[in-house]
Amino acid sequence: MFLRKNISKWTDEELLAAYKSSGKSDYFGELYNRYIPLLYGVCLKYLHDPDKSQDAVMQLFEDLLPKINKYDIDVFRTWIYSVIKNHCLQILRKESKEVVVDFSVNSMESDEILHLFSDEKDENDSERMEALKNCLKKLSEQQHVCVTHFFMDEMSYADIVDTTGYTLKQVKSYIQNGKRNLKVCIDKHTQWN
Amino acid sequence: MELRRYIQGHRKGKDANRIEREAMKDPFLSDALEGYDRLDKLDVRRISDIRRDIKIKTRKRHTFIRNFSVVASLLLCIAMGTYFLLKIEEIPEKEQIAQSEAVPDIQVLAEEKPASPPAASQAQKESLKQIVSDEISEDDIMEDDIMADEAEMAIISQELAAKPALSPKRLEMPEPVIGDEAYKKYLEENRIRPTDDACKDIQGEIIVLFYINESGRPYNIRVKESLCTSADQEAIRLVEKGPDWTTSEQEARITIKF
């Protein structure tokens, strides 16, 4: 009980190990609590309904509490994400007669482009920086505006909506496509040089 | 907490931008934000409710036993004191009645065990407290203690047994003959973005539903909710011209992102 004063400062992996060795559910409770906002959000994405999502998050907790010590978990954050996703997909499968096969063709962006826009650049990037400048000019006007606002001016989607008058969907789309076009363009540039 | 402010609707400024950029790299965050975007307004109390429930469930375990033994020993003293008082007054019959009353209560508890809702464990704990507050001996208290834990365990293990395993098994459901990975690759390589003005910059997911015939070909292919006409058509074309599926009665469903 007296260890509890700093429990909130422990890392995920420390909490997990403590639960494994002591069996005291407080440790796992503390760990799980950290991820509630994210877990609830993911459930909302798949289940849509706040009540169902709340139940799903609680249900997963109860499922995991006795079982989690048997798993060999590397990084808790990544692990719990795939677990909650499967959990929600399973709930969906039970409810609907359709087969739910999750094919997300769009993969996560690499942070290459993001890196070029940040302040932590080094000399190796100078070639790509040069290419970036040229490629930015080649973007369509909407993509150019949105990309520069987002990455250089650090404006949020909502800010950009206010400034440009585009819809939220459009802003996200312009940024996504703009990023893709930049990547293709920069790769082409640096290949030939 | 930055994330909390963002999902509550504070979407402006550099902090918001930082979260949005983070979401580009982190699928966990990205999915969660997508989920919150669906809501018209977020009831933040939900998150606090969940947190509170978890705290209750984790505290309950070991402090329950500790509190129980404190209460039990206090009542033991009262019980013993009363016992001696009664003995002085020489009314032996009362003790007999108190003890025989305790036994049926414990049997009722045993019968209640199979009931599944978690509320049952709450009710049981209250009835346990009832029993304890009657005058019974130390042995009976120990039994209740064990009963309570067993009741809890029975409920939890029943609930666990009723829940499916964590890794989803796909039985009797249609699958691409070449496998999920290869099919995904097919979709990625053959998807042609629409070129018409209305749809060329559109972003979103299209859910495609279809059945499989005996030759493994998709038929009755349709889009669950239209995103944009030419995008819909492209999604349908991809499935129609795509590789075979395993034959199945079940309807298949895939999601294609544009």
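Worth knowing before you read on, the calculation uses all heavy atoms, side chains too, and leaves out hydrogens, waters and symmetry mates.
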Note to self: I need the residue from A:Glu30, A:Gln142, A:Gln143, A:Arg77 with the largest number of non-hydrogen atom pairs under 4.5 Å to chain B.
What the structure shows: A:Arg77

Next item on the list: Quick one: which of A:Asn33, A:Val42, A:Leu44 has the most heavy-atom pairs under 4.5 Å with chain B, could you say?
Entry: A:Asn33

Next item on the list: Heavy-atom pairs under 4.5 Å with chain A are the metric here; pick the option from B:Glu20, B:Arg21, B:Arg11, B:Lys12 that has the most.
Entry: B:Glu20

Note to self: For chain A, which candidate among B:Arg38, B:Arg18, B:Lys14 shows the most heavy-atom pairs at distances under 4.5 Å?
What the structure shows: B:Arg38

Checklist line | B:Asn17 side chain vs A:Phe150 backbone, donor-acceptor pair below 3.5 Å | finding: yes

Notebook entry, point to check: Judged by atom type as modelled, is there a donor-acceptor pair below 3.5 Å linking the side chain of B:Tyr36 to the main-chain atoms of A:Pro37?
Noted result: yes

Note to self: Taking atom CD as the centre, does B:Glu189 end up with more than 12 heavy-atom neighbours from other residues, nucleotides or ligands that are less than 6.0 angstrom away?
What the structure shows: yes

Notebook entry, point to check: Considering residues, nucleotides and ligands other than B:Asn220, do more than 12 of their heavy atoms fall under 6.0 Å from its CG?
Noted result: yes

Reported [atom1]-to-[atom2] distance for the pair [X] and [Y], which is rounded to 0.5 angstrom:
X	Y	atom1	atom2	value
A:Tyr40	B:Asp49	OH	CG	9.5 Å
A:Lys179	B:Met24	NZ	CE	4.5 Å
B:Asp37	A:Lys45	CG	NZ	11.0 Å
B:Gln203	A:Asn177	CD	CG	6.5 Å
B:Leu39	A:Asp49	CG	CG	9.5 Å

Margin query: Using heavy-atom distances under 4.5 Å, tell me whether B:Ile19 contacts chain A through its side chain, its backbone, both, or neither.
Written below: neither

Margin query: If the test is side-chain contact (heavy atoms from CB on, under 4.5 Å), which one of A:Leu39, A:Ile36, A:Val57 qualifies with B:Ile47?
Written below: A:Ile36

Heavy-atom contact with chain B under 4.5 Å, split by part of [X]:
X	value
A:Met155	backbone
A:Phe151	both
A:Ile160	neither

Next item on the list: Pull out the residues in residues 164-174 of chain A that come under 4.5 Å of chain B, heavy atom to heavy atom, sorted by number.
Entry: A:Lys169, A:Lys172, A:Ser173, A:Tyr174

Margin query: For A:Tyr32 and B:Ile50: C-alpha separation, side-chain torsions, deciding distance, then whether side-chain contact (heavy atoms from CB on, under 4.5 Å) applies.
Written below: CA-CA 10 Å; A:Tyr32 198 80; B:Ile50 302 176; 5.7 Å; no

Margin query: So A:Leu38 and B:Leu3, do their side chains get closer than 4.5 Å, heavy atoms only?
Written below: yes

Next item on the list: Could you check if a side-chain atom of B:Asp53 sits within less than 4.5 angstrom of a side-chain atom of A:Phe61, using non-hydrogen atoms only?
Entry: no

Margin query: For A:Asp51 and B:Arg46: C-alpha separation, side-chain torsions, deciding distance, then whether side-chain contact (heavy atoms from CB on, under 4.5 Å) applies.
Written below: CA-CA 9 Å; A:Asp51 285 318; B:Arg46 288 238 179 226; 3.0 Å; yes

